[in-house]
Asks: 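Dropping a structure here in structure tokens format, bear with me for questions.
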Protein chains: 2
Amino acid sequence: MARPREFDEHQALTAAMQVFWEKGYEATSLSDLTSAMGIQRPSLYSTFGDKESLFQAALSLYAERSLAFIQKKLESAPSAKAAVLLYLQGVVSSADGHRPELGCLCVNTMVELAPHHQGFTQFTRVYQQQITELIQSILEKGKQSGELSETLYAPALASAIVISAVGLAVTMKSNPDITLVEQAVQQIILLLD
Amino acid sequence: MARPREFDEHQALTAAMQVFWEKGYEATSLSDLTSAMGIQRPSLYSTFGDKESLFQAALSLYAERSLAFIQKKLESAPSAKAAVLLYLQGVVSSADGHRPELGCLCVNTMVELAPHHQGFTQFTRVYQQQITELIQSILEKGKQSGELSETLYAPALASAIVISAVGLAVTMKSNPDITLVEQAVQQIILLLD
DNA sequence: TTAGTTTTGTACTGAACAGTACATAATGGT
DNA sequence: ACCATTATGTACTGTTCAGTACAAAACTAA
């Protein structure tokens, strides 16, 4: 009973996510957003609210996709060690259309916005905690199957692995020596032995 | 033979560095800078050039201080393992007036500016390489003294340690569970065994 | 066809931004 | 004492920013 929307909301949000991912929050202008999303300014405001609300929605979408992707990848691995290796390599590699030089939107947000905005502080912390729980669960399974030592303390090790992954995501933004980064990944998974 | 400068250049640059460290590049306005530095706009421009030049100078100052501080700390340690532990704990702890929630200015720059500005890409990469070399050198000494295994591959391990430190610096910006972070540090130094 | 409703496109708003012109003030050299 | 030179403080520039007013357009229900 009214004029129908001419754009797909989910598709537009995905485009916004991509722009924020590439440029960061502050450096992204509303003109950047509207042109990438293919919509006009009033449509953006009526659908997503202001810039910060849109960013929050884009970040949530990113986190949701990222967590699902990581979980699937972890579960596809034949062993705990292989799972962790796949996870860390996924941060570094260009497979799946992933662009390592963009880092991770949640990590980028942790750096740019978390210190000055409590909402993002919590959101990004929870995101990291959730990934840590996924890794921890993989480690527990590895212990149960006998693959990993029973003396291994899964919470701390999972935390160390995810912290390393955060470091990897950031390091990839400075165009590093890939060989050295891959060797570092090999070192980190030695923690599972 | 002219009116003398009424402010200390080094002190003003330190103040600018602090503001950029706290707020990031984009979110820092020239008014933020002039008020923190205690100088007027034309003095800033005549002394430091434009905003980007000032940031570059502040970043260089930070890197210089940071490298010197880390080197001193590493050399003060009684063993390689103690040195690496001191290094990682230094990223996490609030000692020395350090505020872990600000992270590291070079790491922050890697996230915010490196992807879109080649100069900063290179600068931050070199910074990380330099710290990696310091750690590598500590590891080599540890091997020579017999503290560390001779089979240990110092370049990759040093890289892994610094990447982990980058992850720690970022993680500290999301107000994490400190106990868990410290446990993660304990895991990382297990790589030296 | 028409009334009611929501979206769209254009064009605007005031505020904040980085950077600068210019007059005044403060020094050292002569 | 006075001039050349450099720093300072004020006030301004044009531009870009996030956000919005408004009218035209596109639809449904009756």
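Below, chain A is the first sequence line, B the second, and so on; all start at residue 1. What you see is a predicted model; the values in this text were computed from it and never measured.
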Asks: Expressed as a whole number of angstroms, how long is the span from Phe55(B):CZ to dA18(C):P?
Replies: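 Distance check: Phe55(B) CZ to dA18(C) P gives 14 Å.
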Asks: Of Gln18(B), Met172(B), Lys23(B), which is the lone residue that meets side-chain contact (heavy atoms from CB on, under 4.5 Å) with Leu102(B)?
Replies: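 Answer after filtering Gln18(B), Met172(B), Lys23(B): Gln18(B).
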Asks: In whole angstrom, what separates Gln40(B)'s CD from dA21(C)'s C1'?
Replies: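 It is 15 Å, rounded to the nearest whole Å.
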Asks: Pick the closest DNA chain C nucleotide for Gly38(A) and for Ala27(B) by heavy atoms, then say which residue is nearer the 5' end.
Replies: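 With Gly38(A) and Ala27(B) compared, the 5'-side residue is Gly38(A).
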Asks: Applying side-chain hydrogen bond (donor to acceptor under 3.5 Å, both in side chains) as the test, list every pair that has at least one member in residues 99-115 of chain A; sequence neighbours left out.
Replies: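 For residues 99-115 of chain A: Glu22(A)-Arg99(A), Arg99(A)-Glu101(A), Asn108(A)-Lys173(A).
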Asks: Quickly work out the Glu9(B) CD to dT8(D) C1' distance and round it to whole Å.
Replies: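 Taking CD of Glu9(B) and C1' of dT8(D), I get 16 Å after rounding.
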Asks: What integer distance in Å separates Leu44(A):CG from dT8(C):P?
Replies: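 Roughly 11 Å, once rounded to whole Å.
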Asks: Would you mind telling me which of Tyr25(B), Phe48(B), Trp21(B), Tyr62(B) makes a ring-ring contact (aromatic ring centres under 6.0 Å, His included) with Phe55(B)?
Replies: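 Considering Tyr25(B), Phe48(B), Trp21(B), Tyr62(B), a ring-ring contact (aromatic ring centres under 6.0 Å, His included) with Phe55(B) is found only for Tyr25(B).
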Asks: What does the B/S/- profile of nucleotides 18-26 of chain D look like, 5' to 3', with a 4.0 Å heavy-atom cutoff to protein?
Replies: BBBB---BB
Asks: Any side-chain N or O of Ser43(B) below 4.0 angstrom from OP1/OP2 of dA7(D)?
Replies: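 So the side-chain polar atoms of Ser43(B) never come under 4.0 Å of the phosphate oxygens OP1 or OP2 of dA7(D).
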Asks: Expressed in angstrom and rounded to an integer, what is the separation of Arg5(B) atom CZ from dA26(C) atom P?
Replies: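 The distance from CZ of Arg5(B) to P of dA26(C) comes to 17 Å, rounded to the nearest Å.
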Asks: Would you mind telling me which residue lines up with the more 5' stretch of DNA chain C, Ile39(A) or Asp32(B), judged by nearest nucleotide?
Replies: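 Looking at the nearest nucleotide for each, Ile39(A) comes out on the 5' side.
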Asks: Are Leu88(A) and Leu86(A) joined in one hydrophobic group, where the rule is that I, L, V, M, F, W and Y side chains link up if heavy atoms are under 4.5 Å apart?
Replies: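 Each belongs to a different hydrophobic cluster.
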Asks: Which value, rounded to the nearest 0.5 Å, describes the distance between Leu139(B) atom CG and Ile161(B) atom CD1?
Replies: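 The distance works out to 5.0 Å.
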Asks: Out of curiosity, Asn175(A) CG to Met110(B) CE, how far, rounded to the nearest 0.5 Å?
Replies: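 CE of Met110(B) is found 11.5 Å from CG of Asn175(A).
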